[in-house]
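One structure below.
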Amino acid sequence: MESFTCSKFPSCYSLAIIITLLYFCTTTTTCLPTRLLVQQSPVKSNSSSTEFIKTSCRVTLYPDLCYNTLSSYASTIQTNPTELANAALSVSLNEAKSTSALVLKLSKGLELRPREAGAVKDCVENTRDSVNELQQSLQAMKDLKGPEFEFKINDLQTWVSAALTNEDTCMDNFEGNGMNGKVKDTIRGRIVRVSQLISNALALINQLNQ
């Protein structure tokens, strides 16, 4: 019986080439542009998200702080203004909680003169109120949609503004020269940062109503 060879069947060479190409393409990415597209899309998406955050932060008073504290949430924010405002509120709340805990610790762990003790005590109440108002704000962010959007956004703006006012009031308590320098600088430094974060959050929330 005569043996089978490709020389007697020219189409056999074409079939062999096709099989070889198929094998090559399944073991490399050269023939798979869709695979490359899938791999590259997260990078592109992340880039557009961070650019969205940077652009949005320009409306705030502290754009560098805004971008630096929110860029790590790019995958969640993407290009969604509501998610951006929500992230800004979350960052503000976390910082406000940390600052409130610090002020409370200072009020109990230091021997303060009457005026200092009074200022720190008032600041404990201010920062606690600020935390509560930011928590209410975050809760309100979950239910912004609907026919009562205007009413809800106004409430949200009111709570965030109140939180900012409480932080500012705390700082005002430490005005003057008759205060412990270390206590004053420590508290004011933290309050300034919280106030700036809340200010940025409020600016981003205001953009939702444009």
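Each residue takes its place number in the sequence, starting with 1.
In terms of modelled atom types and a separation under 3.5 Å, the side chain of Asn166 and the main chain of Ala162 share a donor-acceptor contact. In this structure a side-chain-to-backbone donor-acceptor pair under 3.5 Å is present from Asn206 to Leu202. Side-chain atoms of Asn200 never come within 3.5 Å of backbone atoms of Thr60 as a donor-acceptor pair (strictly under, hydrogens ignored).
With Cys170 as the partner, the side chain to side chain contact (heavy atoms under 4.5 Å, CB included) test is satisfied by one option alone out of Thr165, Ile187, Val124, Val120: Ile187. For the side chain to side chain contact (heavy atoms under 4.5 Å, CB included) with Glu167, the qualifying choice from Val192, Ile198, Leu197 is Ile198, the only one to do so. If you run side chain to side chain donor-acceptor pair (under 3.5 Å) between Arg190 and each of Ser98, Ser195, Ser100, only Ser98 comes through.
Between Asn80 and Phe52, every side-chain heavy-atom pair lies at or beyond the 4.5 Å cut-off. Counting only heavy atoms from C-beta outward, the side chains of Leu102 and Thr186 approach each other to under 4.5 Å. Using a 4.5 Å heavy-atom threshold, the side chains of Glu116 and Val183 count as separate. Two residues are said to be in side-chain contact when any heavy atoms from C-beta on lie closer than 4.5 Å; Thr76 and Asn86 fail this criterion. With a 4.5 Å cut-off on side-chain heavy atoms, Gln196 and Leu61 do not count as touching.
The neighbour count for Lys152 NZ, taken as heavy atoms of other residues, nucleotides or ligands under 6.0 Å away, is above 12.
Between atom CD1 of residue Ile205 and atom CG of residue Leu156 there is a gap of 4.0 Å, rounded to the nearest 0.5 Å. A distance of 10.0 Å separates OG of Ser130 from CD of Gln135, quoted to the nearest 0.5 Å. One finds the OG atom of Ser48 at 8.0 Å from the CD atom of Gln78 (value rounded to the nearest 0.5 Å).
Looking at Arg193 and Thr99, their side chains never bring a donor and an acceptor atom within 3.5 Å of each other.
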Go through Asn173 and Asn126 one step at a time and tell me if the side chain to side chain contact (heavy atoms under 4.5 Å, CB included) criterion holds.
CA-CA 10 Å; Asn173 292 333; Asn126 294 144; 3.4 Å; yes

Trace of the side chain to side chain contact (heavy atoms under 4.5 Å, CB included) decision for Thr127 with Ile191
CA-CA 9 Å; Thr127 55; Ile191 294 297; 3.7 Å; yes

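Cluster membership check: Ile77 shares its hydrophobic cluster with Val59, using side-chain heavy-atom separations under 4.5 Å among Ile, Leu, Val, Met, Phe, Trp and Tyr. Both Val91 and Leu204 belong to a single network of hydrophobic side chains, linked directly or stepwise wherever heavy atoms of I, L, V, M, F, W or Y lie under 4.5 Å apart.
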